[in-house]
2 protein chains.
Amino acid sequence: MMMNQNLQSSFRALGDPTRRQILIELGREELTITEVVSKFDLTRTAVRKHLTILEEGNLITVTRRGKERVTCLNPNGLKSTADWFNYFDQYWDNALGSLKKAIESNAHNTTSETKK
Amino acid sequence: MMMNQNLQSSFRALGDPTRRQILIELGREELTITEVVSKFDLTRTAVRKHLTILEEGNLITVTRRGKERVTCLNPNGLKSTADWFNYFDQYWDNALGSLKKAIESNAHNTTSETKK
DNA sequence: TTCTCATAACACCAAATGGTGACATGTAGA
DNA sequence: TCTACATGTCACCATTTGGTGTTATGAGAA
């Protein structure tokens with residue numbers, strides 16, 4: 001399971017609507033900082049801060065491409081955060097919860113751990 | 001789908017580790033404010049604020065029982081928030097994502113909408 | 001009614017948050 | 001090398017956040 005500190009960083013990152021929207025945009029395509037700026041009414045400095053927080057939350061990955069800094073969605077980090085909700089599966093639809101768990105424990109071999 | 005303002009209130013509420021822990025505790029049993037205070041090293045005022053934010057996030061429900069104020073987990077609110085992650089299902093395990101969606105659309109009749 | 005106890009409602013504070021502008025750095029190309 | 005452009009870094013600011021203590025209110029029991 002994800003370490004608590006990472007979980008906190010992730011939830012903290014998701015607590016801001018702009019950052020959630022950035023993740024949605026990154027779901028469509030990878031983006032440079034300048035490209036993210038063009039999609040929001042924000043300064044580059046503000047966007048940079050958001051991206052840093054998203055990176056701390058393990059929700060994006062960053063690579064260099066020439067003089068550009070390309071930001072990609074990190075599905076693993078998102079999934080780890082989403083997994084927190086599984087604790088409450090017992091209170092939702094029980095059939096769905098147990099079936100989902102069964103599927104996940106089966107699929108577990110094929111998915112890489114988020115442990116670094 | 002949950003309205004954006006509610007989504008923001010929920011994610012904001014989940015951004016604090018104490019509040020997430022309160023939800024875990026409420027998963028075990030319903031609690032009065034005083035009982036929550038006894039489980040955390042916090043003032044009653046601080047706990048009250050956390051509970052207010054959790055209530056704004058639609059993650060708990062509150063009822064009066066005599067002079068006590070009983071707080072319960074609200075599974076519907078939690079589920080609505082967790083559903084936000086479904087947007088990214090395509091990036092996780094595809095087999096799990098599509099199967100889960102199929103199950104959910106089947107089970108959808110039995111679950112109540114969170115729309116008020 | 002009076003006492004007790006759970007809760008409510010301030011006023012206040014330090015630190016974190018989300019934002020800005022100004023300036024520095026680094027790399028691709030002419 | 002010089003220029004252009006994407007990015008990095010810094011100092012600063014207003015507001016929010018998470019916390020405190022103090023003081024009210026409200027309902028059940030003696």
Side-chain angles (χ1 to χ4, degrees), chain A residues 4-26 29-74 81, chain B residues 4-26 29-74 81:
Chain A
N4 275 341
Q5 188 49 51
N6 276 343
L7 187 66
Q8 172 53 22
S9 303
S10 303
F11 269 111
R12 184 235 185 181
L14 290 171
D16 182 89
T18 301
R19 287 194 287 267
R20 287 198 306 279
Q21 191 57 41
I22 289 175
L23 290 177
I24 299 283
E25 299 290 343
L26 290 176
E29 53 178 346
E30 59 184 33
L31 296 170
T32 66
I33 294 187
T34 305
E35 285 168 340
V36 175
V37 169
S38 72
K39 291 177 181 296
F40 295 87
D41 191 20
L42 283 177
T43 315
R44 184 159 32 81
T45 310
V47 168
R48 182 70 224 284
K49 285 188 180 181
H50 282 310
L51 292 179
T52 300
I53 291 170
L54 285 168
E55 198 176 1
E56 285 169 359
N58 201 32
L59 300 174
I60 61 173
T61 56
V62 176
T63 56
R64 300 304 305 244
R65 189 176 60 194
K67 62 180 171 181
E68 291 175 334
R69 187 178 180 277
V70 183
T71 302
C72 299
L73 190 69
N74 178 12
T81 312
Chain B
N4 275 342
Q5 188 48 53
N6 276 342
L7 187 67
Q8 172 53 20
S9 303
S10 303
F11 269 111
R12 183 234 182 180
L14 290 171
D16 181 89
T18 301
R19 288 194 286 267
R20 287 196 307 279
Q21 191 56 42
I22 289 176
L23 290 177
I24 299 282
E25 299 291 342
L26 290 175
E29 53 178 346
E30 59 183 32
L31 296 169
T32 66
I33 295 185
T34 304
E35 285 169 339
V36 175
V37 169
S38 72
K39 290 178 181 297
F40 296 86
D41 192 20
L42 284 176
T43 315
R44 189 175 45 252
T45 309
V47 168
R48 183 68 223 283
K49 285 188 181 180
H50 282 310
L51 292 179
T52 299
I53 291 171
L54 285 168
E55 198 177 359
E56 286 169 0
N58 201 33
L59 300 174
I60 60 172
T61 56
V62 176
T63 56
R64 300 303 304 245
R65 189 176 61 193
K67 63 179 171 181
E68 290 175 334
R69 188 177 178 278
V70 183
T71 301
C72 300
L73 189 70
N74 178 12
T81 311

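Bear in mind that the values here come from a model prediction, so they are computed numbers and not experimental data. Chain letters run A, B, ... following the sequence lines, proteins first, then strands; residues in each count from 1.
Taking every heavy atom of both residues into account, B/T18 and B/D16 meet most closely at N-OD2, 2.9 Å. Looking at every heavy atom in both residues, A/L73 comes nearest to A/L26 through CB-O, 3.9 Å. The shortest non-hydrogen separation linking A/R44 to A/V37 is CA-CG2, 3.6 Å. Residues B/L59 and B/S10 share a closest heavy-atom pair of CD1-O, 4.0 Å.
For the pair A/E56/A/R12, a side-chain contact is recorded, criterion being any heavy-atom separation below 4.5 Å from C-beta on.
The phosphate of C/dA8 (OP1 or OP2) has a side-chain N or O of B/R48 nearer than 4.0 angstrom.
Of the inter-residue distances, the one linking A/T81 atom OG1 with A/N58 atom CG reads 7.5 Å to the nearest 0.5 angstrom. Going from atom CG of B/L23 over to atom CG of B/L14 covers 6.5 Å, rounded to the nearest 0.5 Å.
Applying the side-chain hydrogen bond (donor to acceptor under 3.5 Å, both in side chains) test to every pair with at least one member in residues 60-72 of chain A, sequence neighbours left out, gives these pairs: A/E30-A/R65, A/E55-A/R69, A/R65-A/E68.
For the helix from C/dT1-D/dA30 to C/dA30-D/dT1, the rotation axes defined at the first and last 5 base pairs enclose an angle of 20°, given to the nearest 10°.
One atom, CD of B/E56, and another, C1' of D/dT17, lie 13 Å apart when rounded to the nearest Å. Regarding B/R65, its CZ atom lies at a distance of 12 Å from the C1' atom of C/dA6, rounded to whole Å. At whole-Å resolution of the value, CD in B/E68 and P in C/dC5 are 13 Å apart. The CD1-P distance, from A/I33 to D/dT7, rounds to 5 Å in whole Å. In this structure, CG of A/L31 is placed 14 Å from P of D/dA6, rounded to the nearest angstrom. To the nearest angstrom, C1' of D/dT9 lies 13 Å from CZ of A/R69.
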Listing time: all N or O pairs from protein to nucleotides 25-28 of chain D that are below 3.5 Å?
none

Compile the donor-acceptor pairs under 3.5 Å between side chains in residues 46-54 of chain B and protein atoms, sequence neighbours left out, one pair per line.
{"unit_1": "B/H50", "atom_1": "ND1", "unit_2": "B/R19", "atom_2": "NH1", "d": "3.0"}
{"unit_1": "B/T52", "atom_1": "OG1", "unit_2": "B/R48", "atom_2": "O", "d": "3.0"}

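The salt bridge (Lys or Arg N to Asp or Glu O under 4.0 Å) test applied to A/E25 returns A/R28, A/K39, not counting sequence neighbours.
One N or O on the side chain of B/Q8 and one on the backbone of A/G15 form a donor-acceptor pair closer than 3.5 Å.
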Exercise. For every nucleotide of nucleotides 16-22 of chain C, 5' to 3': is a protein heavy atom under 4.0 Å from its base (B), only from its sugar-phosphate (S), or from neither (-)?
Worked result: -SSBBBB
